[in-house]
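These notes are about the structure you will find just below.
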Amino acid sequence: MPSPLRESFGRSAQQTYFSLAARRDSFNRKQKALVEEQRRRFPDIENYPFALSKKLEKLRDDLTAEMLADNSGWQEILAMPEQVPDEVVQQE
């Protein structure tokens, strides 16, 4: 007697697993072929010429400057007062 669960879904868990595995393998083969083609087209990707528009250069430079800026305020916290009193009052 067939399982009601199997009838409702039309295939067994094992069939589903193998179907998904076959799709994954097919995807992996296609992705590997694509990467191999890209590596043939761009063998020296580190030295591939590129050009940025003036607007993109400005955005990049502004973002870099913003990331490198230190706006934490540590200078204000560690700053010594300009005048230190000659006598330090000790609390008892």
Side-chain angles (χ1 to χ4, degrees):
M1 175 174 186
S3 160
L5 183 60
R6 188 175 291 172
E7 286 178 11
S8 64
F9 289 108
R11 56 171 50 181
S12 71
Q14 187 176 17
Q15 288 171 326
T16 302
Y17 172 79
F18 287 124
S19 174
L20 291 174
R23 286 186 200 165
R24 182 193 65 223
D25 293 343
S26 173
F27 175 79
N28 287 344
R29 281 192 302 275
K30 289 176 185 177
Q31 187 174 16
K32 184 177 180 181
L34 174 68
V35 170
E36 288 173 352
E37 180 214 346
Q38 294 296 314
R39 291 185 75 182
R40 280 193 303 275
R41 289 182 64 199
F42 306 103
D44 189 14
I45 194 70
E46 296 300 323
N47 295 316
Y48 189 76
F50 66 93
L52 295 176
S53 67
K54 294 294 181 190
K55 185 176 180 179
L56 279 178
E57 282 181 3
K58 182 178 179 344
L59 286 171
R60 180 200 58 199
D61 295 342
D62 291 348
L63 180 60
T64 301
E66 186 178 330
M67 290 181 352
L68 294 175
D70 183 5
N71 300 322
S72 64
W74 67 268
Q75 295 90 344
E76 296 171 10
I77 294 171
L78 295 179
M80 293 291 292
E82 290 185 23
Q83 294 180 351
V84 178
D86 294 334
E87 297 178 16
V88 178
V89 179
Q90 295 181 357
Q91 294 181 346
E92 296 177 6

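Counting heavy atoms of neighbouring residues, nucleotides and ligands inside a 6.0 Å radius, atom CD of Glu66 does not exceed 12 of them.
In this structure, CD on Glu37 lies 5.5 Å from CZ on Arg41, to the nearest 0.5 angstrom. Note that CG of Leu59 is 10.5 Å distant from CD of Glu57, once rounded to the nearest 0.5 Å.
The main-chain N or O of Arg60 is found under 3.5 Å from a side-chain atom of Thr64 such that the two form a donor-acceptor pair.
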Please determine whether side chain to side chain contact (heavy atoms under 4.5 Å, CB included) holds for the pair Leu63 and Met67, giving the CA-CA distance in whole Å, both sets of side-chain angles, and the decisive distance to 0.1 Å. CA-CA 6 Å; Leu63 180 60; Met67 290 181 352; 4.1 Å; yes

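Of the residues listed (Lys30, Gln31, Arg23, Arg29), the one engaging Phe27 in a side chain to side chain contact (heavy atoms under 4.5 Å, CB included) is Gln31, and it is the only one.
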